[in-house]
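Take a look at the structure set out below.
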Amino acid sequence: MLITNNKTMENDLNDLNDLNDLNDLKDFKNSNLIFLVGLMGCGKTTIGQLLAEKLHYEFVDTDDLIVQNYQQDINTIFHEKGEKFFRNLETTTLQNVINNTKNIKNIKNNGKKYVISTGGGIVLKDENRQLLKQFGYNIYLQTDTNILVQRLMTDTQRPLLKNKENLAENLQNLYNQRNKFYLEVANLVIQTNNKNIDEIILNICRQKPL
């Protein structure tokens, strides 16, 4: 597993423009599926969209797939069916993405590759962790909880963070519970603190695999 630090970039962020030819992205060429994992609010969707653009991959969000397929938003699913039901939907969605049974047509046969943003709790089930490790190149976006508190204070779409009075404590508890699982599946750990999105993408693209 690789872990980046917060040292200053040696080259200017304009180097992002040079990544389009994939010369600096050789680490990912053999990865049809790049999964982004991490706590809610760490930037998986935003970073995933830009990373996919730079890699010339397609972008997919597992939460979006669940909403599309189940025709209900995440909050409603949690409220009406409970977290266990939602976690099972996550597993089914992950399996479908990997096995090309429903959600992404011909994922292994059409030459396309995908950056996939996952839900923060997808690593809770051992079955999911095994799927991620077996089939994906997994990038853990590690972010301090104090930064996540600032980002999520006004967010009303997270079913596990309804109580904003104890937001910092709840996020820390989630971090304590999940961090070991993120580290378990990670091929690459990117510490995102005090970095803008371009710096994060540049950090990702310059890493070397295990």
Side-chain angles (χ1 to χ4, degrees), residues 2 4 9 12-70 73-75 89-90 93-94 96-98 100 102-108 110-123 128 132 135-143 147-148 150-152 154-158 182 185-207 209:
L2 291 167
T4 70
M9 291 292 161
D12 191 86
L13 290 176
N14 289 331
D15 289 348
L16 278 170
N17 296 326
D18 298 329
L19 296 177
N20 291 327
D21 61 3
L22 299 186
N23 287 336
D24 291 329
L25 307 179
K26 56 185 180 296
D27 299 350
F28 303 116
K29 282 185 176 179
N30 295 322
S31 300
N32 288 333
L33 300 173
I34 296 175
F35 291 98
L36 301 183
V37 301
L39 282 177
M40 61 188 79
C42 70
K44 297 185 294 290
T45 297
T46 302
I47 292 166
Q49 289 171 334
L50 183 57
L51 179 62
E53 177 185 338
K54 293 299 178 183
L55 292 171
H56 304 294
Y57 283 25
E58 301 291 326
F59 174 75
V60 174
D61 187 303
T62 58
D63 280 351
D64 286 347
L65 291 177
I66 290 172
V67 171
Q68 292 168 15
N69 292 335
Y70 201 70
D73 62 53
I74 304 300
N75 271 332
L89 288 180
E90 276 189 322
T93 300
L94 181 60
N96 288 340
V97 167
I98 292 170
N100 180 30
K102 293 181 181 178
N103 294 319
I104 301 177
K105 187 177 181 181
N106 296 327
I107 192 167
K108 293 184 179 179
N110 66 1
K112 289 186 178 180
K113 299 182 179 183
Y114 294 85
V115 173
I116 301 166
S117 172
T118 64
I122 203 166
V123 296
N128 295 345
L132 291 169
F135 294 103
Y137 184 92
N138 305 305
I139 301 172
Y140 172 22
L141 302 178
Q142 191 175 52
T143 308
I147 294 175
L148 297 180
Q150 297 173 20
R151 294 178 183 174
L152 297 170
T154 59
D155 192 311
T156 61
Q157 303 302 312
R158 316 278 180 168
Y182 296 137
V185 304
N187 300 99
L188 175 67
V189 179
I190 297 291
Q191 296 171 348
T192 67
N193 302 327
N194 303 316
K195 291 191 180 81
N196 62 42
I197 186 170
D198 286 342
E199 289 176 305
I200 293 168
I201 295 297
L202 199 56
N203 256 341
I204 291 173
C205 292
R206 286 179 171 171
Q207 302 313 305

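Count residues from 1 along the sequence.
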Determine, step by step, whether Asn69 and Leu89 satisfy the side chain to side chain contact (heavy atoms under 4.5 Å, CB included) criterion, reporting the C-alpha distance in whole Å, the side-chain angles of both residues, the deciding distance to 0.1 Å, and the verdict.
CA-CA 10 Å; Asn69 292 335; Leu89 288 180; over 6 Å; no
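- Residues Val115 and Val60 have side chains not in contact (no heavy-atom distance under 4.5 Å, counting atoms from C-beta outward).
- To the nearest 0.5 Å, the span separating CD1 on Ile200 from CG on Leu141 amounts to 7.0 Å.
- Closest heavy-atom contact between Val123 and Gly120: CG2-O, 4.2 Å.
- In summary, of the residues considered (Asp64, Ile47, Asp61, Val37), a side-chain contact (heavy atoms from CB on, under 4.5 Å) with Ser117 occurs for Asp61 alone.
- Scanning both residues, Ala186 and Val189, for their nearest heavy atoms gives CB-CG2, 3.9 Å.
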Kindly determine whether Ile66 and Glu90 satisfy side chain to side chain contact (heavy atoms under 4.5 Å, CB included), including the steps that lead there.
CA-CA 7 Å; Ile66 290 172; Glu90 276 189 322; 3.8 Å; yes
Please assess Tyr137 against Leu188 for the test side chain to side chain contact (heavy atoms under 4.5 Å, CB included), listing each intermediate value before the final yes or no.
CA-CA 8 Å; Tyr137 184 92; Leu188 175 67; 3.8 Å; yes
Does the side chain to side chain donor-acceptor pair (under 3.5 Å) test come out yes or no for Thr62 and Thr93, once each step is laid out?
CA-CA 7 Å; Thr62 58; Thr93 300; over 6 Å; no
Apply the test side chain to side chain contact (heavy atoms under 4.5 Å, CB included) to residues Lys113 and Leu55: give CA-CA distance (whole Å), side-chain angles for both, the deciding distance (0.1 Å), then the verdict.
CA-CA 9 Å; Lys113 299 182 179 183; Leu55 292 171; over 6 Å; no
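- Between Phe59 and Ala52 the shortest heavy-atom distance is CB-CB, 3.9 Å.
- Tyr70 is linked by a ring pair (Phe, Tyr, Trp, His ring centres under 6.0 Å) to Phe85, counting only residues two or more places apart in sequence or in another chain.
- Here NZ of Lys195 is found 9.5 Å from OG1 of Thr143. Values are rounded to the nearest 0.5 Å.
- To the nearest 0.5 Å, the span separating OG1 on Thr118 from CZ on Phe35 amounts to 8.0 Å.
- Take Tyr182 and apply the side chain to side chain donor-acceptor pair (under 3.5 Å) test, not counting sequence neighbours, and it matches no residue.
- Leu36 CG to Ile122 CD1: the interatomic distance, rounded to the nearest 0.5 Å, is 11.5 Å.
- Note that the CD atom of Gln68 and the CG atom of Asp63 stand 11.0 Å from one another [nearest 0.5 Å].
- Contacts of Asn128 classified as side chain to side chain donor-acceptor pair (under 3.5 Å), with partners at least two apart in sequence or in another chain: Thr91.
- By the side chain to side chain contact (heavy atoms under 4.5 Å, CB included) test, Thr46 pairs with Ile197, sequence neighbours left out.
- A donor-acceptor pair under 3.5 Å is absent between the side-chain atoms of Asn203 and the main chain of Ile190, judged by distance alone.
- Put simply, CD1 on Ile139 and CG on Leu51 are 5.5 Å apart, with the number rounded to the nearest 0.5 Å.
- Looking at Asp198 and Leu50, their side chains come closer than 4.5 Å, going by heavy atoms from C-beta outward.
- Side-chain atoms of Lys44 never come within 3.5 Å of backbone atoms of Ile116 as a donor-acceptor pair (strictly under, hydrogens ignored).
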